[in-house]
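Bear in mind that the values here come from a model prediction, so they are computed numbers and not experimental data. Below, all heavy atoms of this structure are taken into account, side chains as well, without hydrogens, waters or symmetry copies.
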Amino acid sequence: MSKQETTKINCPKCDKEHDFTIWSSINVTLDPDKKEAVLNRKAFTFECPDCKEKTLYTYDFLYHDMEQKVMIYHVTTNEALVQAMEGFAQMKNIEGGDGILNGPEVEGYKKRIVRSLNELREKIFIFDAGLDDRVVEIFKVFCIIQLKQNDPNFQADEAYFFSRDGEIGFQFLREGKAFGEVEIDPADYEDIAKTAAEILAKDDQAPNFMIDTEWAYKMVSGEE
């Protein structure tokens, strides 16, 4: 099951102290309603009972989807990052329903670490679409390179995978605001998967927990 605890936080507007529920683990298979709370950020939004101010309150937690065989650790500090990497590296099994970081490893589980809620949402969308996040990140890099070749002034701070209304693609953000999208042709995705087969085989031998654009650039460029 999902695991929660209560902490005290002060409203940034009126400074009144109130209880706030944080989740150390969210199992969206056993608690399916929690998935939408993650995607729409309600699980991280504090609304002050006094002044009604809403504040995004991020924290470290494990997202667990038993059906998809996915575990994603959202971390907010370098210390939490190290702990998550060590925990995943030492994981032997997933036991007793939720099974956090101990026990014989379940074959086929994807274990990822992300640093932001946007990255977490992206991973969820990718896996829900039945895609390989490594291929998606490599595709993203090729897409950015192509866009810059076509327009030297192209600049995006962030790029995220989206899936909606039967379409998939990348959305580009600058200063936190979306300014453009590129749709992905499923056939092109399959071509990228074939092109990246050697890279993926190498990653299978020494799995990475942080699969992002930085990882993809290194893989494409051949950097260690």
Side-chain angles (χ1 to χ4, degrees), residues 1-7 20-45 56-77 80-139 160-166 168 186 189 193 200-201 203-212 215-216:
M1 295 180 62
S2 302
K3 297 182 179 180
Q4 68 182 71
E5 60 184 87
T6 301
T7 188
F20 182 68
T21 299
I22 62 175
W23 302 84
S24 58
S25 172
I26 296 179
N27 188 315
V28 298
T29 304
L30 300 181
D31 299 302
D33 60 305
K34 298 294 188 297
K35 183 172 184 175
E36 185 60 28
V38 169
L39 292 174
N40 63 23
R41 301 189 177 185
K42 285 187 178 180
F44 320 103
T45 302
L56 189 65
Y57 188 88
T58 58
Y59 48 85
D60 307 323
F61 76 98
L62 182 70
Y63 175 93
H64 187 183
D65 187 328
M66 298 167 68
E67 291 182 354
Q68 297 278 7
K69 288 192 173 183
V70 168
M71 300 182 92
I72 309 171
Y73 221 118
H74 173 267
V75 300
T76 59
T77 65
L81 171 62
V82 172
Q83 292 176 349
M85 294 188 74
E86 291 177 348
F88 275 164
Q90 295 170 6
M91 185 185 293
K92 304 281 184 168
N93 189 15
I94 299 172
E95 299 177 328
D98 195 36
I100 306 300
L101 304 185
N102 44 32
E105 177 165 271
V106 172
E107 184 178 355
Y109 248 86
K110 301 179 186 70
K111 292 168 284 191
R112 299 291 187 256
I113 299 172
V114 298
R115 291 176 175 268
S116 73
L117 295 181
N118 280 341
E119 287 183 78
L120 174 63
R121 283 165 49 89
E122 179 181 50
K123 293 297 182 191
I124 295 172
F125 292 146
I126 291 172
F127 293 134
D128 281 356
L131 304 179
D132 188 324
D133 61 329
R134 301 170 301 173
V135 176
V136 170
E137 290 296 345
I138 291 172
F139 198 147
Y160 295 105
F161 172 88
F162 70 79
S163 175
R164 62 172 179 266
D165 301 327
I168 59 174
Y189 170 88
L200 301 185
D203 184 69
D204 286 336
Q205 296 300 313
N208 286 275
F209 302 133
M210 297 190 70
I211 303 297
D212 52 19
W215 170 89

With sequence neighbours left out, write down each residue that passes salt bridge (charged side-chain N to carboxylate O under 4.0 Å, His left out) with Asp60, or none if nothing qualifies.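 For Asp60 there are no salt bridge (charged side-chain N to carboxylate O under 4.0 Å, His left out) partners, ignoring immediate neighbours.
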Who are the salt bridge (charged side-chain N to carboxylate O under 4.0 Å, His left out) partners of Arg115, not counting sequence neighbours? none
I'd like to check the side chain to side chain contact (heavy atoms under 4.5 Å, CB included) partners of [X]; sequence neighbours left out, ordered by chain and number.
| X | answer |
| --- | --- |
| Asp31 | Met1, Ser2, Asp33, Lys34 |
| Phe162 | Arg164, Gln171, Glu181 |
| Lys110 | Val70, Phe127 |
| Glu5 | Ile22 |

Just so I know, are the side chains of Leu62 and Lys3 near enough to count as touching, which here means a heavy-atom distance under 4.5 Å?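 Of all side-chain heavy-atom pairs linking Lys3 with Leu62, none is under 4.5 Å.
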Got Thr45 and Phe20 here, is their nearest side-chain heavy-atom distance under 4.5 Å? no
Could you tell me which residues satisfy side chain to side chain donor-acceptor pair (under 3.5 Å) with [X], sequence neighbours excluded, listed by chain and number?
| X | value |
| --- | --- |
| Tyr189 | none |
| Glu137 | Lys140, Thr213 |
| Arg134 | Asp132, Asp203, Asp204 |
| Gln68 | Asp128 |

Between Thr29 and Glu67, which heavy-atom pair has the shortest distance, and what is it? OG1-N, 3.4 Å
In chain order, what residues pass the ring pair (Phe, Tyr, Trp, His ring centres under 6.0 Å) check against Phe209, with sequence neighbours excluded?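 Applying ring pair (Phe, Tyr, Trp, His ring centres under 6.0 Å) to Phe209 gives Phe88.
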Could you name each residue pair satisfying ring-ring contact (aromatic ring centres under 6.0 Å, His included) that touches residues 24-45, not counting sequence neighbours?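 Every ring-ring contact (aromatic ring centres under 6.0 Å, His included) pair that includes a residue of residues 24-45, provided the two are not neighbours, is Phe44-Tyr59, Phe44-Phe61.
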